[in-house]
Number of protein chains: 2
Amino acid sequence: MSMGNNYELYKVFYWAAKTGSLTQAAKALYLTQPSVSHAIKQLEESFGVSLFYRNSKGVELTQEGMVLYSYIEQSQILITLAEEKMAALKNLDSGELRIGGSDSLFKHYVLPYLEQFHERHPGVKLHLNHGTTPEVITFLKEGRIDLGVVRMPIVDPQLQVTESFQLQDCFVAGSRYAELKNEVLTLDALLQYPIILFSRNSRARMTITEVFHNYGYSIKPEIEVGSVDLLIEFARRGLGISYVTREFVSKELEEGSLFEVSLDIPLPPSHVGLLTMRNMPLSSAAHAFIGLVK
Amino acid sequence: MSMGNNYELYKVFYWAAKTGSLTQAAKALYLTQPSVSHAIKQLEESFGVSLFYRNSKGVELTQEGMVLYSYIEQSQILITLAEEKMAALKNLDSGELRIGGSDSLFKHYVLPYLEQFHERHPGVKLHLNHGTTPEVITFLKEGRIDLGVVRMPIVDPQLQVTESFQLQDCFVAGSRYAELKNEVLTLDALLQYPIILFSRNSRARMTITEVFHNYGYSIKPEIEVGSVDLLIEFARRGLGISYVTREFVSKELEEGSLFEVSLDIPLPPSHVGLLTMRNMPLSSAAHAFIGLVK
DNA sequence: TGTTACCCATAGACATGGTCTATATCTCCT
DNA sequence: AGGAGATATAGACCATGTCTATGGGTAACA
């Protein structure tokens, strides 16, 4: 059964042995010499052996004391390392940040924040796990990521949602359809053109489908793709009109390789949110990252 | 500042992490659950990070908690091993006993006690360092042995002397001098025979020299030897009359290969004493051995 | 949808025991 | 002989670790 010493006594013993002096140990520990003397005595009495020889110069380990020290020294060093490591984690000189989300959000939305974060805390390792929104939620619940970056809305009582950014989806076309540049199309008119949409299970796809449905139309894509890059590329090559997040094609809109097709109805904005587990403590790194984004 | 956590908290953390439950940790440590809860909270606050996720089944380490645990686990295991080792030292299931003395005392006097001690405490390693009395005293003061076994008297304020046994030195001869068997010799008569003595620096030699001197004689050996075995062997072969400790030749006296030469004056007994350092704590093993001898 | 039975968190009271000051004792050194 | 510096001891105090009592949350089950 437990010999039940207060482990604090080992700290005192360690310093007394290390410095060879109760007085020095006391200084190192910000205690008084009698306190140290008392602590050592407690240890000796609990073990029933003497740990130190006392002489006029200080103290010296006995055989038994050396045996004890051989164990305790390592133990104390480990604790010191642990405390240093924890301080490093807190200061974000160390640790890791694990984010889940879609590739397109990483590329167009998360990346600038990540750069900033990495510059500020180069010791923190970054892990990006890409997946669909349900997958990201699963990752979160399994504890494999600290936070997720996904499109809103998300309704899940276990999750804490921080809406952080608004994106505007729109239809864009390339020079093949230049005649539409200054027009304002009705939905009916738009549907006369080949439409390129993201794959069926994406949130953007569901959103636009619902918009058309609300106005009594049904939108059926000519082409279906699985990445934002393809959505852009196909539109540039004139294969159709792509439904895409405006912020993700800002470069193409600027340089004129794509233009936005105006509609006579407003398209709903979409929101990007940061997902974390509700009622679960955040790692320092995740906390700092969220603070950065907000 | 001081990250100065009470190391006792790490013990609590260790058990909480190990059992995955504050309640279980409390039972293991003979504490109540609120105490453990409080201890963990202290650690978390001191580090500024969360160490556990709390759920309805118990607790689970966070990333930061796992990092801390990776250090603390080893540390705690070492402390446990240290406590077990110290208990073993105390119980004499372990440790060592270092004795200094002369070969003859080891062989004829210490050995039976050592056998008994070893039988009772087989885990204790035995170290025998042989040397002359001054060497033994030096060993003691240098801390190379726990106790010395030497002839009395010893006067040294640093040493603690425990007289433990009385030996009687005497003159013995072999069959070559059978005519002396039933005689009682005067010192003068004895000196007509060749005498064999131990080497000049031995205590026995000094003692007998002084005895003869007190009676107005001077004893000069024919042969001088460096071991008790040779003293005995030479006497048996009739090379002279040996001055030897009676207890060391009890076998030869019994079997008749040697007989004691009676003198008309009493020879002073010599005393064997156990030497330890005064004002220095004894190891458990040394303490037990001295108790055995007394 | 109660009920039960586990968890952990919190609040507040209490007493243990760790720490302090003051002093004694010892040894070494000058 | 005296001073410097080490550890040991005694006794007082109060910080803090521990307890009891209680609250809230979740999972399992009827």
Side-chain angles (χ1 to χ4, degrees), chain A residues 2 4-46 50-62 65 141 143 156-160 277-281, chain B residues 2 4-46 50-62 65 141 143 156-160 277-281:
Chain A
S2 84
N5 271 321
N6 187 321
Y7 282 15
E8 197 70 359
L9 296 180
Y10 295 123
K11 179 158 63 182
V12 179
F13 169 76
Y14 171 66
W15 282 96
K18 188 177 171 178
T19 62
S21 155
L22 303 196
T23 305
Q24 292 306 310
K27 282 179 185 161
L29 294 164
Y30 299 99
L31 292 175
T32 58
Q33 171 266 319
S35 297
V36 173
S37 180
H38 184 229
I40 298 301
K41 192 175 186 183
Q42 277 186 76
L43 268 188
E44 290 182 322
E45 284 176 357
S46 84
S50 295
L51 298 171
F52 291 101
Y53 299 120
R54 277 76 165 171
N55 58 48
S56 64
K57 294 176 127 58
V59 294
E60 200 178 344
L61 286 169
T62 61
K141 292 185 177 174
D156 189 316
Q158 287 188 63
L159 299 181
Q160 169 79 258
M277 292 296 286
R278 186 187 300 277
N279 296 332
M280 279 228 182
Chain B
S2 116
N5 272 322
N6 188 321
Y7 283 16
E8 198 69 359
L9 297 179
Y10 295 122
K11 179 159 61 183
V12 179
F13 169 76
Y14 171 66
W15 282 95
K18 189 177 172 179
T19 62
S21 154
L22 303 196
T23 306
Q24 292 307 310
K27 282 179 186 162
L29 295 165
Y30 298 96
L31 293 174
T32 58
Q33 171 267 318
S35 297
V36 172
S37 179
H38 184 228
I40 298 300
K41 191 176 187 183
Q42 276 185 76
L43 268 188
E44 290 182 322
E45 284 176 356
S46 84
S50 294
L51 298 171
F52 291 102
Y53 299 122
R54 277 76 166 172
N55 59 49
S56 65
K57 295 176 126 58
V59 296
E60 199 178 344
L61 287 169
T62 61
K141 292 186 177 174
D156 189 315
Q158 286 186 64
L159 298 181
Q160 170 78 257
M277 292 297 287
R278 186 187 299 279
N279 297 332
M280 278 228 185

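Just so we're on the same page: letters track the sequence lines, and every chain starts at 1. Here the structure is a predicted model, which is why all the values come from computation and not from measurement.
Remark: side-chain polar atoms of A:Ser50 are not paired, donor with acceptor, to backbone N or O of B:Pro281 under 3.5 angstrom. Of the possible polar contacts, none joining the A:Thr19 side chain to the A:Gln24 backbone as a donor-acceptor pair under 3.5 Å is found.
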For nucleotides 24-30 of chain C, just jot down a letter per nucleotide in 5' to 3' order: B, S or -, based on protein non-hydrogen atoms under 4.0 Å.
---SSS-
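Checking the phosphate oxygens (OP1, OP2) of C:dG18, a side-chain nitrogen or oxygen of A:Gln42 falls inside 4.0 Å. Contact annotation: B:Thr32 side-chain N/O to D:dT18 OP1/OP2 distance is not under 4.0 Å. Between A:Lys41 and the phosphate of D:dT9, there is a side-chain N or O to OP1/OP2 separation shorter than 4.0 Å.
Checking D:dT7, C:dC8, C:dT19 against the side-chain heavy atoms of A:His38 singles out C:dT19 as nearest. The B:Arg54 side chain lies nearest to C:dA9 when the options are C:dT10, C:dT19, C:dA9. Distances from the side chain of B:Pro34 to the nucleotides D:dT18, D:dT9, C:dA11 place C:dA11 closest.
Side-chain contact between A:Val59 and A:Tyr53 is absent, with no heavy atoms from C-beta onward closer than 4.5 Å. Within the 4.5 Å cutoff, no side-chain heavy atoms of A:Lys11 are placed close to those of A:Tyr14.
Protein atom CD1 of B:Ile40 is 12 Å distant from nucleotide atom P of D:dT18, rounded to whole Å. If you measure from atom CG of A:Leu9 to atom P of C:dG17, you get 12 Å, rounded to the nearest angstrom. The separation between A:Glu45 atom CD and D:dA8 atom C1' is 12 Å, rounded to whole Å. Atom CG in A:Leu31 sits about 16 Å away from atom C1' in D:dT7, given to the nearest Å. Rounded to an integer number of Å, the gap from A:Leu51 CG to D:dA8 C1' is 16 Å.
Contact between A:Ala39 and A:Val12 at its shortest, heavy atoms only, is CB-CG1, 3.8 Å. Closest approach of B:Phe52 and B:Leu61 over heavy atoms only: CE2-CD2, 3.4 Å.
A donor-acceptor contact under 3.5 Å links the side chain of A:Gln33 to the base of D:dA8.
Interface residues of residues 21-29 of chain A facing DNA chain C, ordered by number: none; criterion, heavy-atom separation under 4.0 Å.
Map A:Val12 and B:Glu44 each onto its nearest nucleotide of DNA chain C; the residue landing nearer the 5' end is B:Glu44.
We find that B:Lys41 and B:Glu44 are not joined by a salt bridge, their nearest charged nitrogen and carboxylate oxygen being 4.0 Å or further apart.
Once rounded to the nearest 0.5 Å, the distance linking CG of B:Leu31 with CG of B:Leu22 reads 11.5 Å. For the atom pair CG of A:Leu43 and NE2 of A:His38, the computed distance is 11.0 Å after rounding to the nearest 0.5 Å.
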